[in-house]
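Residue numbers count from 1 along this sequence. Computed from a prediction, not measured in an experiment: that's the story for all the values here.
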Amino acid sequence: MAQVPQTFLDALAVRTWSGLALRSLGRAREEIDAINVYPVADGDTGTNLYLTVESATAAVEAVFAGYEQGGPSFADALRAMAHGALIGARGNSGTILAQLLRGMAQVLTAGDVSHVDGVLLRTALRRAADAAREAVAHPVEGTVLTVASAAADAADGAEGDCGTVVLAAYEGARAALAATPRQLAVLGRAGVVDAGGRGLVTVLASLVEAVTGEAVPEETYTGAAGAEVCPDAPEHVGEGGPAYEVIYLLEADDAAVARLRERLDALGDSLVVVGGDGLWNVHVHVDDAGAAVEAGVEAGRPYRIRITHFAVGDVHTGGERPRREPAQRAVVAVVPGEGLAGLYAEAGATTVLARPGEPPASGELAQALRRAHAREVVLLPNDPELRHTAAAAAEQVRAEGVRVALIPTRSAVQGIAALAVHEPERRFDEDVVQMTSAAGATRYAELLVAERQSWTTAGICQAGDVLGLIDGDVAVIGPDLTGTAETVLDRMLQAGGELVTLVVGDDAPEAVADRLEARVRESYLAVDTVVYRGGRQGAPLLIGVE
């Protein structure tokens, strides 16, 4: 049924827009994924845009649900949409879309108005396009940025109400999208339009319907094979480019973010940093995932960190294949700190960061399994508390045709042991058995500081005491971390061992790793030691013995 036509934007129109955009991107998702060749041919732009708008829609619905009668103001609804997109932005195009929405919100919510007319909407679309360009370190024409600018240009020339302005913006975006294969050589060679721009056209079409009540005809862009490429159109940037995509939310001030941009720009490419007012979404492609996360730690507090390892041969290839073929096998791991996230990613795993008090939900794990883009996936939860959550995520993705094996790792050091014996060339079942055996043969311990007086299996502890947990149970209570760790390590090595793994967090004393390594050298001659820096992890120290 057609909606009631209106000539302005209000809170209800924002709600309608987000819902229509989510529905439309859901229908176009596979098509957009299939034409994704720039900046990386990883076949997920449609999915990333859908997930970004899904987060935006959920935020809008949440703000509406907070009112028993009436509803939120227009400003509250639009801010919720922009904020939801920011915290849920996925991939290069999703991050840019979040900035487009933020740019619109900056203009449309600046005054105390209950609705918006065409004049203000034109200004908002221009600010959105400019803000998106400012967020991208090295803007490239023939991308979603070009489509957004064309939409703003067309809106500038439109006189009338919101319906007239947004329809002009949509038509301008459509024309710009059709021209993208002539502007960017990789698109012309593949015979496709820009995937991010295609997604933006879908979002604008939904805005037309939300404002006017009239749906625009859905179009499919089957490609532009043989399109005449402009002589100065840029080639596909970065043959054999970075191996990892790193995304995280960051709490930081403006000055720190300015320094972060410079550092990340030197580390990799496809850098997009969006947001403001203390909260940012950072996206970059790098070879050193750990360094990208460490840069965020220096700038502020990064969280919801996602590191994706691109399939070999699919990164910046500029080849004729527009869609990334699923890898045969991948590993997804939950890790407790930024340092381990980089370590796991360098070993080829897709990681999900778990911070104290912020365990990942089953939906986040399921998305990580999909993001791995493989026919077979091994899931390492690395926490006994995540067993049921991980099992639910695995079942959800199995129903989509992916073969998922859940190895019940209880600690990140067990996950390291499993990953060390992972061999993608083996049969899946054999690989899972070997990884499970390696994890099971690794005893694990963690050192924690007691927050309050309580009973434990080793006696009564006081607030500030150091607790040494071995295989999940409190085995040692001590006054300081280093001494307690030595006692824990001795107990673990009484049963034998060949390798000690130490994962040192930022809160651990500087000398603890040196002390423990020296103790192993002096007292256990046949045992090797390896040390990793875990960053801001829940436990100051993790120990593994295998």
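Scored by the side chain to side chain contact (heavy atoms under 4.5 Å, CB included) test, Arg301 finds Glu251, Tyr303, Arg355, Glu358, Arg536 as partners (sequence neighbours excluded). Under the rule for a side chain to side chain contact (heavy atoms under 4.5 Å, CB included), the partners of Ala255 that lie at least two apart in sequence or sit in another chain are Asp253, Arg259. Residues passing the side-chain hydrogen bond (donor to acceptor under 3.5 Å, both in side chains) test with Thr47, sequence neighbours excluded: Asp33. Listed by chain and residue number, Val119, Ala155, Asp156, Glu159, Val165 satisfy the side chain to side chain contact (heavy atoms under 4.5 Å, CB included) test with Arg122 (two or more places apart in sequence, or in another chain). Under the salt bridge (charged side-chain N to carboxylate O under 4.0 Å, His left out) criterion, Glu294 pairs with no residue, sequence neighbours left out. Under the salt bridge (charged side-chain N to carboxylate O under 4.0 Å, His left out) criterion, Arg29 pairs with no residue at all, not counting sequence neighbours. Every residue was checked against the side-chain hydrogen bond (donor to acceptor under 3.5 Å, both in side chains) condition with Asp288, not counting sequence neighbours, and none meets it. Applying the side chain to side chain contact (heavy atoms under 4.5 Å, CB included) criterion to Ala151, with sequence neighbours excluded, gives Ala169, Ala173, Leu204.
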Tabulate below the donor-acceptor pairs under 3.5 Å that side-chain atoms of residues 80-93 make, not counting sequence neighbours, or state none.
none

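Pairs of residues two or more places apart, or lying in two chains, that qualify as salt bridge (charged side-chain N to carboxylate O under 4.0 Å, His left out) and include a residue from residues 95-109 are Arg102-Asp277. For residues 70-84, the salt bridge (charged side-chain N to carboxylate O under 4.0 Å, His left out) pairs, not counting sequence neighbours, are Asp76-Arg79. Evaluation of the side chain to side chain donor-acceptor pair (under 3.5 Å) test over residues 50-67, restricted to residues two or more places apart or in two chains, returns Arg15-Glu61.
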